[in-house]
Trainee: 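What follows is a structure written as structure tokens; I'll ask about it next.
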Amino acid sequence: MSDIIKLLPDAIANQIAAGEVVQRPASVVKELLENSVDAGSKQVTLIVKEAGKALVQVSDDGIGMSETDARMSFERHATSKIRSAEDLFSIRTKGFRGEALASIGAVAQVEMKTRNKDRELGTLLCVEGTQVKKQEHVAAPIGTSISVKNLFFNVPARRNFLKSNPVEMRHILDEFFRIALAHPEVGFSLYQNDLETYQLEGSKLSQRIVGLFGKNYREQLVPCQEETPHLAIQGYIGKPEFAKKTRGEQFFFINNRFIKNNYLNHAVSTAFEGLIADDQYPFYVLFITIDPKHVDVNVHPTKTEVKFDDERTIYGIVKSAVKQSLGANSVMPSLDFNTDVNFEAIARSGLNFDRQVLSSKAEMDYSSFKTTSPRDESNLRNWESLFSKAKSESDYNEEVHGKEAGIPSEETNDTIVIASSANNPEASIEEDKKSPSWQLHKRYILKQVKSGLMVMDQQFAHERILFERFSRQIKSKEGLSQQSLFPAHVELNPADFSLVMELQDEIKSLGFVFDVFGKNAIAIQGIPADVRETNEKVLFEGLIEQFKWNKETLSVDKQENISRALAKRSSIKPGHPLDQQEMNAMMDQLFACQQPNYTPDGKPTFVLLGLDKIANFFNR
Ligand code: ADP
Ligand code: MG
């Protein structure tokens, strides 16, 4: 029998190899964008048609290529990025295998126009299924533009296995986001079927995040930074209250390369422990810079997994960096003492409440806590422990009583001066109880605290309290109702009516009682017990309006949306007078919340005006 083993023709070998690199249009997007970044581009434009199945085009203003390099770039293992095996261990560019263009050229119709600064004319190169169909001189700007048409035109089996356009587009967006985040200094634009979807100017990371994820991320971002001899961490984490039900918005970059690593992801989750529910995922974009020799990125051409030689150290550093930045920005629940880091955070942010605030709890009406969850009770206990902790601190008396003594007791229209009832170092808890709260312009609640003066926004505080209450009630379906004297009829347009039908379980679990009453109308018999608005129609319509508005501006699930909407609509507004008991109850309830510092949409609920700051006003 004659010999039967033969070398595969180049075209077939390339096609097989291409299978590793090019799995779907998003792989083409990734490779081309990375090449543009590697080429030092300042502005990169991505155009996709039919989710990349018809066209992926990337144009850049990078260094471009000479005629020979243009031709070479489509050869397998042709790269300008490494020259020796040692280089493999110090890679700082995105690409290095020299496989991408060869692979893409094997399974698509590719047209490349490129010019570098040394040439007057550029090169046009057309490659189709590995074969060079055309090469000529053309007028072209400095930089490179590559269009990849009809991906897998010659491999029908692969083409048929592509997913629907929305799914493929999602993959493309994932790649686009990863590269745009890794290179905020580079401008990126994205056109989808001629429609401009993103226009991102070169900027700082925070601006890039906002550009990609939306304006409401502005208030969510907490900087995270840490430097050790071993590695540096830099980036942003999202405040706990913005955590999502889906995992999507979590990004790790090692030496500017996006990676997936469950172990490091776990480090971040652990740092958030106790701040977010188990089924929620915090936002983060974190960059780890580490000597490349400690990282093995060369596991697989398209895989995003990496290996570290010392994973555990990195885990520890990431966890502590995230914890620290949560603490330093006082986004930890201020009264949670379960962990020592929290305590430091509070001490640093000056959130040491004095006896007056702590003891005011004693005289409040506890009925409002009847529906609280165990979580709230544990917060209350923490509050007590805060009190004992504060008392045991040696500087306690000095700080509380030393500087405050002598502040006159007086209130005028514009200035508030707080009377201190705690001048006596032996001030008993009994005495503290009498410490009043003030309402300023029927808008703010003022209270003396250990570090100075707390100014609380009554509306925002109430919104936070209601939001957490409604969220619990929706989950446990135990919202209480107040019965209306007469049913209120509410006519809705057909779209709103079907929305109400879709949301009726959630709406009812908050304490609304209603029936369908004719075409597109409902009759409301009861509203949530905690709500002050007595006009059922106004309340209900407002709730639906707010829900729709939230839906357009926020990416939260419908339970959270509806809790937020009702909290916003039914919170106490400026202009509403509050008596002592109401103010104290408000404060107590706020600090029993999981996240007392902010409204659900990230506005502060209170600020602290430290004694130092006040003293500064008087040049003391
Ligand atoms: P790799 O990026 O791994 O080197 P590629 O197949 O992606 O391999 O690219 C091959 C070579 O083509 C690169 O090393 C680079 O020299 C050149 N090249 C590719 N794209 C560009 C571009 N947009 N601008 C300049 N040079 C490029
Ligand atoms: Mg490349």
Trainee: With no hydrogens and no angle check, is any side-chain donor or acceptor of Q250 less than 3.5 Å from a backbone partner on N265?
Mentor: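 Checking the backbone N and O of N265 against the side chain of Q250, no donor-acceptor pair under 3.5 Å is found.
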
Trainee: Under the 3.5 angstrom rule, does the side chain of T605 hit a backbone N or O of P596 as a donor-acceptor pair?
Mentor: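 Judged by distance alone, yes, a pair lies under 3.5 Å.
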
Trainee: What about the rings of Y236 and Y284, do their centers lie closer together than 6.0 Å?
Mentor: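 Ring centres of Y284 and Y236 not closer than 6.0 Å.
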
Trainee: Would N550 and Q546 satisfy side chain to side chain donor-acceptor pair (under 3.5 Å), going step by step from the backbone distance to the final call?
Mentor: CA-CA 6 Å; N550 285 357; Q546 188 71 44; 3.3 Å; yes

Trainee: Between CD1 of I259 and CZ of R178, what distance do you get to the nearest 0.5 Å?
Mentor: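 CZ of R178 is found 11.0 Å from CD1 of I259.
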
Trainee: Checking Y217 against E249 for the side chain to side chain donor-acceptor pair (under 3.5 Å) test, could you report, in this order, the C-alpha distance in whole Å, the side-chain angles of both residues, the deciding distance, and whether it holds?
Mentor: CA-CA 12 Å; Y217 278 67; E249 299 174 349; 2.5 Å; yes

Trainee: Distance only, no hydrogens: is a donor on one side chain within 3.5 Å (strictly under) of an acceptor on the other, for E536 and Q525?
Mentor: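 Not at all, the side chains of E536 and Q525 share no donor-acceptor pair under 3.5 Å.
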
Trainee: Atom CE of M454 and atom OG of S437: how far apart are they, to the nearest 0.5 Å?
Mentor: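 Reported to 0.5 Å precision, the distance equals 7.5 Å.
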
Trainee: May I ask you to decide if G511's main-chain N or O and Q473's side chain share a donor-acceptor pair within less than 3.5 Å?
Mentor: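 A pair under 3.5 Å: no.
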
Trainee: If you round to the nearest 0.5 Å, how far is CG of L543 from CG of N561?
Mentor: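 The CG atom of L543 is 9.0 Å from CG of N561, to the nearest 0.5 Å.
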
Trainee: Taking all atoms of both residues into account, what is the closest heavy-atom pair of A271 and L275, and its distance?
Mentor: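 That closest heavy-atom pairing would be O-CD1, 4.5 Å.
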
Trainee: Rounded to the nearest 0.5 Å, what's the gap from CG on L173 to OG1 on T197? Could you check?
Mentor: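 One gets 7.5 Å once the value is rounded to the nearest 0.5 Å.
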
Trainee: Below 6.0 angstrom between ring centroids: does that apply to F283 and F251?
Mentor: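 That pair fails the under 6.0 Å test.
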
Trainee: Can you tell whether the side chains of K244 and D557 come within less than 4.0 Å, N to carboxylate O?
Mentor: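 Salt bridge: no.
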
Trainee: Using a 3.5 Å distance criterion without hydrogens, assess whether the side chain of E506 forms a donor-acceptor pair with backbone atoms of K558.
Mentor: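 Checking the backbone N and O of K558 against the side chain of E506, no donor-acceptor pair under 3.5 Å is found.
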
Trainee: Without swapping roles, check the side chain of T228 against the backbone of L231 for a donor-acceptor pair under 3.5 Å.
Mentor: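 Flag set: sc T228 to bb L231 pair under 3.5 Å.
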
Trainee: Would you say L453 and Q448 make side-chain contact, with heavy atoms under 4.5 Å?
Mentor: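 Result no, sub-4.5 Å side-chain heavy-atom pair not found.
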
Trainee: I'd like to know whether T270 forms a side chain to side chain donor-acceptor pair (under 3.5 Å) with Y315, so could you lay out the CA-CA distance, the side-chain angles of the two residues, the decisive distance to 0.1 Å, and finally the verdict.
Mentor: CA-CA 10 Å; T270 322; Y315 182 99; 3.3 Å; yes

Trainee: Have a look at M583 and tell me which of M456, Q439, K447 forms a side-chain contact (heavy atoms from CB on, under 4.5 Å) with it.
Mentor: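 Result: among M456, Q439, K447, Q439 is the only option passing the side-chain contact (heavy atoms from CB on, under 4.5 Å) with M583.
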
Trainee: One pair to check against side-chain contact (heavy atoms from CB on, under 4.5 Å): F252 and F258. What are the steps and the verdict?
Mentor: CA-CA 6 Å; F252 260 120; F258 172 81; 5.8 Å; no

Trainee: Look at the side chain of Q595 and the backbone N and O of N597, then say whether any donor-acceptor pair between them is shorter than 3.5 Å.
Mentor: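 Yes: the side chain of Q595 pairs with the backbone of N597.
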
Trainee: Is it the case that the side chains of Q589 and R469 hold a donor-acceptor pair, with the cut-off being a distance below 3.5 Å and no angle test?
Mentor: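 Yes, Q589 and R469 have a side-chain donor paired with an acceptor closer than 3.5 Å.
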
Trainee: Is there a donor-acceptor pair closer than 3.5 Å between any side-chain N or O of Q458 and the backbone N or O of I445?
Mentor: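 Pair absent, no side-chain N/O of Q458 close to backbone of I445.
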
Trainee: Taking Q207 for its side chain and K204 for its backbone only, find out whether a donor-acceptor pair lies under 3.5 Å.
Mentor: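 The answer is yes, because a donor-acceptor pair under 3.5 Å joins these two groups.
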
Trainee: Tell me whether R208 contacts the main-chain N or O of A180 through its side chain, where contact means a donor paired with an acceptor under 3.5 Å.
Mentor: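 Yes: the side chain of R208 pairs with the backbone of A180.
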
Trainee: Apply side-chain contact (heavy atoms from CB on, under 4.5 Å) to the pair C224 and E226, showing each step before the final yes or no.
Mentor: CA-CA 7 Å; C224 180; E226 178 76 280; over 6 Å; no

Trainee: Assess the residue pair L566 and L539 against the criterion (side-chain contact (heavy atoms from CB on, under 4.5 Å)); give the C-alpha distance rounded to whole Å, side-chain angles, the decisive distance to 0.1 Å, and a yes or no.
Mentor: CA-CA 8 Å; L566 189 60; L539 177 68; 4.0 Å; yes

Trainee: Between R464 and Y598, is there a donor-acceptor pair closer than 3.5 Å when you use the side chain of the first and the backbone of the second?
Mentor: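 Checked: pair present.
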
Trainee: Looking only at the aromatic ring of each residue, does the gap between the centers of F460 and F467 stay below 6.0 angstrom?
Mentor: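 Not under 6.0 Å, so no.
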
Trainee: Hey, would you say the Y198 and F177 ring centroids sit under 6.0 Å apart?
Mentor: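 Ring-ring flag for Y198/F177: true, centres closer than 6.0 Å.
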
Trainee: Applying side-chain contact (heavy atoms from CB on, under 4.5 Å) to I524 and V513, what does each step give before you reach the verdict?
Mentor: CA-CA 6 Å; I524 303 175; V513 182; over 6 Å; no

Trainee: For the pair Q225 and Q324, evaluate side chain to side chain donor-acceptor pair (under 3.5 Å) and give the outcome as yes or no after the intermediate values.
Mentor: CA-CA 9 Å; Q225 219 156 358; Q324 241 176 56; over 6 Å; no

Trainee: If you round to the nearest 0.5 Å, how far is CZ of F287 from CD1 of I254?
Mentor: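 Output value for this atom pair is 10.5 Å.
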
Trainee: Between R443 and D457, is there a salt bridge with N-O shorter than 4.0 Å?
Mentor: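 A salt bridge is absent here (no side-chain N lies under 4.0 Å from a carboxylate O).
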
